[in-house]
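Here is the structure we will look at, set down as structure tokens.
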Amino acid sequence: MCAITLIAGVALSGVYKLTESRIAEQKLAAKAASYREVCPEAQDFTYDEAITEKVTALNGEVYGTDFGKAYINEAIVGKDGSGKVAGYVISATSKDGMDGEITMSVGLSTDGTVTGISFTVMNETAGLGSLVTEDAFKGQFNGVKTDRFTLFKAGGAAAPGEINGVSGATISSSAVVNAVNAAVDFFENEIQQGGN
């Protein structure tokens with residue numbers, strides 16, 4: 001029994017080593033596709049040292065006190081073909097989801113208008129919490145410039161910045177709104193006011 005366990009462990013380790021680089025490449029490709037989706041004006045995505053330092057200074061801690069368990073993972077600068085800043089992508093995670101963490105890319109134009117959100121990690125229940133990934137919900141953020149989005153749990157949102165929650169998935173809807181609000185706040189306070 002010990003020999004079989006040892007052989008299986010070695011075999012599993014070997015398979016992991018063989019697929020490790022491919023998995024990393026797929027994750028990187030998924031991130032890049034997410035960036036392009038939320039910042040379509042950009043042709044190239046780069047890190048800005050000053051912005052990266054601001055993300056690093058957060059030490060992986062919860063961002064702020066008004067966004068639940070939201071975290072800022074990274075911030076990327078999107079540039080157009082001439083090298084001019086076309087927008088920003090902020091990766092944010094909320095650990096307030098019903099079934100675990102939700103990570104997304106939030107695109108912002110240079111004036112702070114949300115240009116889109118795209119999910120890179122989604123652990124919510126299929127057919128219920130995962131409905132936040134559909135355009136009917138996430139499309140409500142597109143083209144809106146606001147300091148803070150407000151979730152309407154029972155519907156009835158009418159003004160820009162007001163988000164109708166997914167029926168039966170209030171926790172998932174709230175987690176997404178918190179993460180987007182954290183990204184918007186980081187943009188306004190650390191990027192826009194920080195002179196980047």
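Numbers for residues simply follow the sequence, beginning at 1.
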Can you tell me how far [atom2] of [Y] sits from [atom1] of [X], rounded to the nearest 0.5 angstrom?
| X | Y | atom1 | atom2 | result |
| --- | --- | --- | --- | --- |
| Asn178 | Lys95 | CG | NZ | 14.5 Å |
| Thr93 | Ile102 | OG1 | CD1 | 9.5 Å |
| Asn181 | Phe186 | CG | CZ | 15.0 Å |
| Leu58 | Tyr63 | CG | OH | 7.0 Å |

Exercise for the section: Scan side-chain atoms only and decide if Glu124 and Ser172 contain a donor-acceptor pair under the 3.5 Å cut-off. Expected result: yes
Completion exercise
So the salt bridge (charged side-chain N to carboxylate O under 4.0 Å, His left out) pairs with at least one residue in residues 32-44 (sequence neighbours excluded) are Glu37-Lys138
Handout entry: salt bridge (charged side-chain N to carboxylate O under 4.0 Å, His left out) pairs, two or more places apart, involving residues 64-75
Key = Lys31-Glu74
In the hydrophobic clustering that connects Ile, Leu, Val, Met, Phe, Trp and Tyr at side-chain heavy-atom distances below 4.5 Å, which members other than [X] occupy its cluster, ordered by chain and number?
| X | result |
| --- | --- |
| Met98 | Ile171 |
| Met1 | none |
| Val89 | Tyr35, Val38, Phe45, Tyr47, Ile76 |
| Val62 | Tyr71 |

With sequence neighbours excluded, tell me which residues meet side chain to side chain donor-acceptor pair (under 3.5 Å) with [X].
| X | answer |
| --- | --- |
| Thr115 | none |
| Asp99 | Thr125 |
| Ser94 | none |
| Thr113 | Asp111 |

Would you indicate whether the side-chain heavy atoms of [Y] and [X] approach each other to under 4.5 Å?
| X | Y | value |
| --- | --- | --- |
| Phe119 | Val121 | no |
| Asp96 | Phe67 | no |
| Asp185 | Arg148 | no |
| Ile117 | Val180 | yes |
| Thr120 | Ser105 | yes |
| Ile163 | Ser173 | no |

Completion exercise
Sequence neighbours excluded, the answer for side chain to side chain contact (heavy atoms under 4.5 Å, CB included) partners of Val77 is Thr46, Asp48, Ile51, Lys79, Val85, Tyr88
Completion exercise
Closest non-hydrogen atoms of Asp80 and Ser82, given as atom of the first, atom of the second and distance, are OD1-OG, 2.8 Å
Completion exercise
Phe149 meets the ring-ring contact (aromatic ring centres under 6.0 Å, His included) criterion, sequence neighbours left out, with Phe141
